[in-house]
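These notes concern the structure reproduced below.
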Amino acid sequence: IDKALKTKLPTEYKNKVNRATFNYLGMYYSNGETEYLDSAIMILNQAIEISHTLFPAYYFKSIEYEAKGDYGSIIITVDSAIKYSYTDRNMLFFKARALDHLGMAEEADNVLESAERLYSQWIYCYPDSISFIISRIGFTAYYKGKTVAIKEINNYIKEYPNDDIIVGLK
């Protein structure tokens with residue numbers, strides 16, 4: 001997030017966004033008080049007002065809304081991120097989970113199919129990226145189930161027999 005913020009926002013907002021992202025979410029998980037999430041969302045909204053293309057603000061705002069269980073706001077946030085920034089596989093994953101929570105299974109499946117295509121493209125472009133592989137496995141576990149994800153892990157281990165994939169999964 002720091003790289004994106006250095007050129008897009010003044011230092012005061014960069015510091016506020018970092019605090020909103022990390023400190024407030026941490027305080028929420030420690031104390032369970034949603035006021036921390038509301039404060040973070042307010043600061044993230046300010047960052048987005050300054051720079052509509054600031055993708056990390058949308059991403060972290062989705063995390064805050066998910067912690068609150070505000071699934072409708074996640075959908076709005078993801079749609080805005082796609083409109084002003086770019087389409088990210090993780091953002092689509094947030095949207096699909098939100099749609100699923102709202103009982104919109106068919107729409108969630110359509111979004112998950114789009115996310116799966118993006119995950120596949122990233123893995124194709126960066127086949128040695130452990131972080132992409134791990135992210136993909138988490139997505140697979142959610143979308144297709146644990147059994148399919150375990151098969152996918154086994155395939156990656158066969159393809160990458162060194163210990164890197166195992167270390168990354170622990």
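Taken from CD1 in Ile74 to CG in Leu99, the straight-line distance is 9.5 Å, to the nearest 0.5 Å. A distance of 9.5 Å separates CD1 in Ile43 from CD in Glu64, rounded to the nearest 0.5 Å. Note: Lys95 NZ to Met104 CE = 9.0 Å, rounded to the nearest 0.5 Å. With rounding to the nearest 0.5 angstrom, the NZ atom of Lys146 is 15.5 Å from the CD atom of Glu152. Separating the OH atom in Tyr58 from the NE2 atom in His52 is a distance of 6.0 Å, to the nearest 0.5 Å. To the nearest 0.5 Å, atom OH of residue Tyr59 and atom CG of residue Asn90 are 5.0 Å apart.
The two residues Ala57 and Ala47 make their nearest non-hydrogen contact at CB-CB, 4.4 Å. Annotation for Ala67 and Leu37: closest pair CB-CD1, 3.8 Å, computed over non-hydrogen atoms.
Judged by the 6.0 Å distance and 45° axis criteria, Arg89 is not positioned over the aromatic ring of Phe93.
Leu118 and Val148 fall into different hydrophobic clusters, defined by Ile, Leu, Val, Met, Phe, Trp and Tyr side-chain heavy atoms under 4.5 Å apart, directly or through other members. Both Leu102 and Phe94 are assigned to one and the same hydrophobic cluster, defined by single-linkage of ILVMFWY side chains at heavy-atom distances under 4.5 Å.
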Take Glu116 and Leu92 through the test side-chain contact (heavy atoms from CB on, under 4.5 Å) and record every step on the way to the result. CA-CA 9 Å; Glu116 183 174 33; Leu92 291 176; over 6 Å; no
Evaluate Asp38 against Lys68 for side-chain contact (heavy atoms from CB on, under 4.5 Å), listing each step before the verdict. CA-CA 9 Å; Asp38 295 334; Lys68 284 182 73 168; 2.5 Å; yes
side-chain contact (heavy atoms from CB on, under 4.5 Å) assessment of Val78 paired with Val111: CA-CA 11 Å; Val78 171; Val111 172; over 6 Å; no
Quick one: do Asp79 and Tyr84 satisfy side-chain hydrogen bond (donor to acceptor under 3.5 Å, both in side chains)? Show the steps, please. CA-CA 9 Å; Asp79 289 345; Tyr84 294 112; over 6 Å; no
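None of Asp70, Ile76, Thr77, Ile75 except one satisfies the side chain to side chain contact (heavy atoms under 4.5 Å, CB included) rule with Ser62; the exception is Thr77.
Atom CD of Glu33 has more than 12 neighbouring heavy atoms from other residues, nucleotides or ligands inside a 6.0 Å radius.
Proximity of Thr140 to Lys151: side-chain heavy atoms (C-beta onward) are nowhere separated by under 4.5 Å.
Side-chain N or O atoms of Tyr65 include none that pairs as donor or acceptor with a backbone N or O of Tyr71 at under 3.5 Å.
Side chains of Arg117 and Ser120: no donor on one and acceptor on the other come within 3.5 Å.
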